[in-house]
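Indexing begins at 1, ligand by ligand and atom by atom, following the structure's order. All values below come from the heavy atoms of this structure, side chains included, with hydrogens, waters and symmetry mates left out.
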Amino acid sequence: MIQKYVYGKPFSTEAVVTEVPAGEGTPAYGRIETGTGFCFTYIMEETDIVYGLGEANRGLNKRGYCYISDCTDDPNHTEDKRSLYGAHNFIVVSGRETFGLFFDYPSAMTFDIGYTRMDTLQVSCQDADLNLYVIDGDSPYDIVKQFRKIIGRSYIPPKYAFGFGQSRWGYKTKEDFRKVADGYRENQIPLDMVYMDIDYMQDFKDFTLNEKNFPDFKDFVREMKNRNLRLIPIIDAGVKVEEGYDVYEEGVKNRYFCQREDGSDFVAAVWPGNTHFPDVLNDEARAWFGDKYRILTEQGIEGFWNDMNEPAIFYSPEGIDGLKGMLKQFLETENYNSGVNAGTLAVAPTSDTNGSAESESAGASIWPLMGKIGGLANSKDDYRRFYHRVNGERIRHDKVHNLFGYYMTRAAGEAFERIDPEKRFLMFSRSSYIGMHRYGGIWMGDNKSWWSHILLNLKMLPSLNMCGFLYTGADLGGFGADTTRDLLLRWLALGVFTPLMRDHAAAGTRDQECYQFEDLTDFRHVVGVRYRLIPYLYSEYMKAALNDDLYFKPLAFVYPEDPMAVQVEDQMMLGNEIMIAPVYTQNARGRYVYLPEEMKFVKFLPDGSISGEILPKGHHYVEIALNEVPLFIRSGKCIPLAETAEYVEALDTEHLTMLGYPGAEYTLYEDDGVGKNYDRAENYRTLKYSK
Ligand code: GLC
């Protein structure tokens with residue numbers, strides 16, 4: 001049962017798409033205060049578990065830290081970070097009392113989950129204007145499914161998007177892209193997509209193509225398509241300020257960009273230098289921006305990734321002016337010899353320090369200046385400097401900050417419906433809010449080539465699924481920093497199972513395409529296993545999407561009575577048949593796993609054969625070599641396997657073999673992979689593993 005409690009005047013985020021009855025009185029759980037801002041407090045039992053928050057740092061059980069839903073462009077995902085790119089305000093408390101909460105609030109929101117006091121859950125925000133949904137159910141799993149129903153069906157990508165993709169920030173010319181195509185095709189490593197990062201554009205202008213490198217883009221798209229590869233271009237949030245650039249001029253003329261208080265178009269510097277942000281919260285501006293994707297779909301493009309849509313700001317003219325003022329003061333100061341306290345004084349004046357003392361020491365010390373430079377990017381001041389126009393009302397950006405990525409992606413999703421309502425387009429975004437899951441997937445942003453990030457990637461998967469984001473994955477091999485061959489192989493062995501499977505790396509880092517490393521056969525094998533599994537993975541994805549269910553589940557959702565299973569965070573259930581347990585430690589030759597029931601331990605071996613061993617319930621150490629892909633099949637179940645193929649459309653799904661327990665049956669979902677006839681009975685067929 002779900003009940004809705006309304007506080008103040010909430011902004012309509014359209015995260016929830018179903019009518020939910022209003023709750024009577026106050027929610028049955030916790031205590032709510034609305035004096036200054038909003039605060040929900042609940043005292044937790046020691047063993048209560050808190051699930052949710054989608055794209056967030058740390059564990060599957062969110063207890064023990066403080067998270068802030070505040071979409072942030074921060075590429076350093078260290079353990080101390082409180083905000084990542086998404087804002088997913090859904091949690092489930094599981095324990096003495098079990099209930100779910102969705103705080104539908106589009107500005108910054110703090111989730112102190114046993115951080116200030118270990119027993120206290122406190123959710124707070126500045127304005128008491130929000131909808132709170134309280135969900136009762138039989139179990140956390142049941143609560144999640146109820147929640148998923150009210151937020152609407154998750155985005156369904158085309159089937160080719162289950163293939164492998166290669167990306168790198170730095171591919172510029174046709175030759176760069178051809179080299180990737182050749183590297184994969186000549187080495188028979190399967191590939192379906194090559195991603196185009198910002199350098200394909202002319203001067204980083206959205207919906208343009210570099211004139212020198214792509215004078216005949218349509219032909220190039222066709223050339224790649226003839227090799228069964230799709231090009232997937234990036235679209236950034238900021239539209240370059242440049243006279244003569246049609247998108248800019250139309251936006252200015254029609255007042256489609258976000259404006260300052262005085263009505264001038266707000267300027268933020270991103271990759272192209274000065275840009276304006278399309279006011280995607282405004283229906284008309286959103287439709288206009290969305291229709292721009294047509295410029296590329298008309299050239300044969302069938303998928304996109306939306307980036308920098310927190311929106312990321314490197315600096316604003318106002319920020320630079322402030323910096324210049326401080327710099328001037330600093331340069332006029334004779335005495336550069338100031339201790340660190342001078343800076344502290346300037347940044348945080350004590351009660352007996354007045355404003356003039358602050359500016360005096362600011363002039364004398366380098367520290368505030370350094371802080372100012374560091375604080376230019378993604379500054380809260382800038383987010384308070386511009387406005388959206390929604391239904392005739394002006395809304396300051398910071399009040400709805402977490403919706404920008406959602407509405408930019410919605411712009412594209414709604415436009416795809418106009419461009420070709422019968423067809424699925426690939427779309428995933430960096431920033432998101434619940435509701436966006438209906439229009440696209442997400443990738444997990446700028447991770448690093450660190451072993452700890454394989455684990456972070458794994459733990460985020462079920463949490464994201466709980467919030468509706470099914471089409472997701474991380475930059476395999478790591479985005480920032482230099483990868484290593486073993487890190488990439490181990491990460492790929494997890495990526496084999498994530499709906500979005502993409503190798504992506506930052507400019508300036510070591511080459512990271514699979515063919516850049518010695519003993520290519522290992523990469524051919526690991527990526528090849530992905531393709532063997534696609535009939536199963538696609539089928540489980542579709543069942544999850546069509547039934548508001550999870551593709552990745554914590555073990556706790558399947559084995560709630562097993563106290564050990566409930567604690568496991570480095571193994572996940574995938575679909576209804578398998579469990580995954582990737583290796584995430586360097587130089588490890590295997591790992592410990594916990595089996596909550598008897599399972600068949602399967603390994604895809606590099607010679608193409610598959611080993612299978614029945615293991616009893618309990619703890620095991622299993623050996624897993626660098627070039628092997630492990631999975632566990634639940635007792636009495638089986639999964640279909642195809643022969644591998646170089647691209648998704650080449651998979652032979654008529655001749656599948658079965659893997660698992662003889663005598664078991666599997667219901668396979670299969671459709672044409674591009675259209676939207678999801679609910680036909682013919683899409684399901686039963687396969688039997690008869691030996
Ligand atoms: C951002 C994106 C990254 C991309 C880069 C250049 O950092 O997160 O994926 O490569 O911008 O466009």
Side-chain angles (χ1 to χ4, degrees), residues 55 57 71-78 81 83-86 165-173 176-177 180 193-210 213 231-240 268-273 275 277 296 303-315 377-378 404-406 408-409 412 426-432 436 440-450 453 456-457 460 469 471-483 491 495 498 500-513:
E55 186 180 35
N57 217 341
C71 298
T72 303
D73 167 29
D74 180 346
N76 293 307
H77 309 165
T78 46
K81 293 299 165 69
S83 306
L84 299 177
Y85 308 89
Q166 181 62 56
S167 187
R168 180 175 184 84
W169 175 11
Y171 300 151
K172 283 191 177 65
T173 62
D176 292 338
F177 292 99
V180 176
M193 289 153 290
V194 187
Y195 287 82
M196 306 185 90
D197 208 319
I198 48 174
D199 297 297
Y200 79 86
M201 300 181 214
Q202 180 66 42
D203 305 321
F204 309 126
K205 285 184 285 191
D206 277 341
F207 312 111
T208 68
L209 292 149
N210 184 286
N213 295 330
L231 290 168
I232 312 292
I234 196 170
I235 302 293
D236 280 350
V239 172
K240 184 173 165 63
V270 204
W271 304 120
T275 70
F277 292 137
L296 291 159
F304 300 87
W305 47 310
N306 278 350
D307 192 24
M308 306 302 273
N309 50 6
E310 292 69 32
I313 300 178
F314 295 165
Y315 60 84
N378 309 318
F404 196 94
Y406 163 14
M408 178 189 175
T409 301
L426 172 58
M427 163 52 67
F428 57 91
S429 168
R430 192 169 73 175
S431 187
S432 60
M436 201 205 84
I442 61 162
W443 91 100
M444 296 172 186
D446 296 348
N447 59 10
K448 289 253 175 10
S449 298
W450 294 342
H453 278 185
L456 183 62
N457 175 182
M460 246 190 268
F469 295 93
Y471 189 75
T472 183
D475 288 348
L476 302 173
F479 174 73
D482 291 327
T483 201
W491 215 329
T498 59
L500 167 62
M501 183 189 189
R502 179 178 79 144
D503 174 337
H504 180 45
T509 59
R510 177 183 185 181
D511 288 341
Q512 196 168 295
E513 297 83 6

| R502 N/O under 3.5 Å from ligand 1 N/O | no
| said: Side chain or backbone, does D475 bring an N or O within less than 3.5 Å of an N or O on ligand 1? | reply: no
Calculate, to the nearest 0.5 Å, the distance between atoms [atom1] and [atom2] belonging to [X] and [Y] respectively.
X    : Y    : atom1 : atom2 : value
M444 : L84  : CE    : CG    : 10.5 Å
N210 : M201 : CG    : CE    : 11.0 Å
S431 : E55  : OG    : CD    : 8.0 Å

Taking the inter-plane angle between the rings of [X] and [Y] on a 0 to 90° scale, is it parallel (under 30°), tilted (30 to 60°) or perpendicular (over 60°)?
X    : Y    : value
H504 : F479 : tilted
Y171 : F177 : perpendicular
W271 : F314 : perpendicular

| task | Specify side chain, backbone, both or neither for Y195, according to which of its non-hydrogen atoms lie closer than 4.0 Å to ligand 1. | result | neither
| field | For ligand 1, the portion of W443 having any non-hydrogen atom under 4.0 Å away | value | side chain
With heavy-atom distances below 4.0 Å as the criterion, list the atoms of ligand 1 near [X].
X    : value
D197 : 4 (C), 6 (C), 10 (O), 12 (O)
H504 : 3 (C), 4 (C), 9 (O), 10 (O)
I234 : 12 (O)
R430 : 1 (C), 2 (C), 7 (O), 8 (O)

| Nearest protein heavy-atom contact for atom 7 (O) of ligand 1: which residue, which atom, what distance? | D446 OD2, 2.7 Å
| said: Which residue and atom name correspond to the protein heavy atom nearest atom 11 (O) of ligand 1, and how close is it? | reply: D307 OD2, 3.1 Å
| request: Output all residues satisfying salt bridge (charged side-chain N to carboxylate O under 4.0 Å, His left out) with K81, sequence neighbours left out; order by chain, then residue number. | output: D74
| message | Would R502 and D475 count as a salt bridge (Lys or Arg N to Asp or Glu O under 4.0 Å) here? Give the steps. | response | CA-CA 6 Å; R502 179 178 79 144; D475 288 348; 3.1 Å; yes
| task | Select the closest option to atom 5 (C) of ligand 1 among F204, Y85, W169, judged by heavy-atom distance. | result | W169
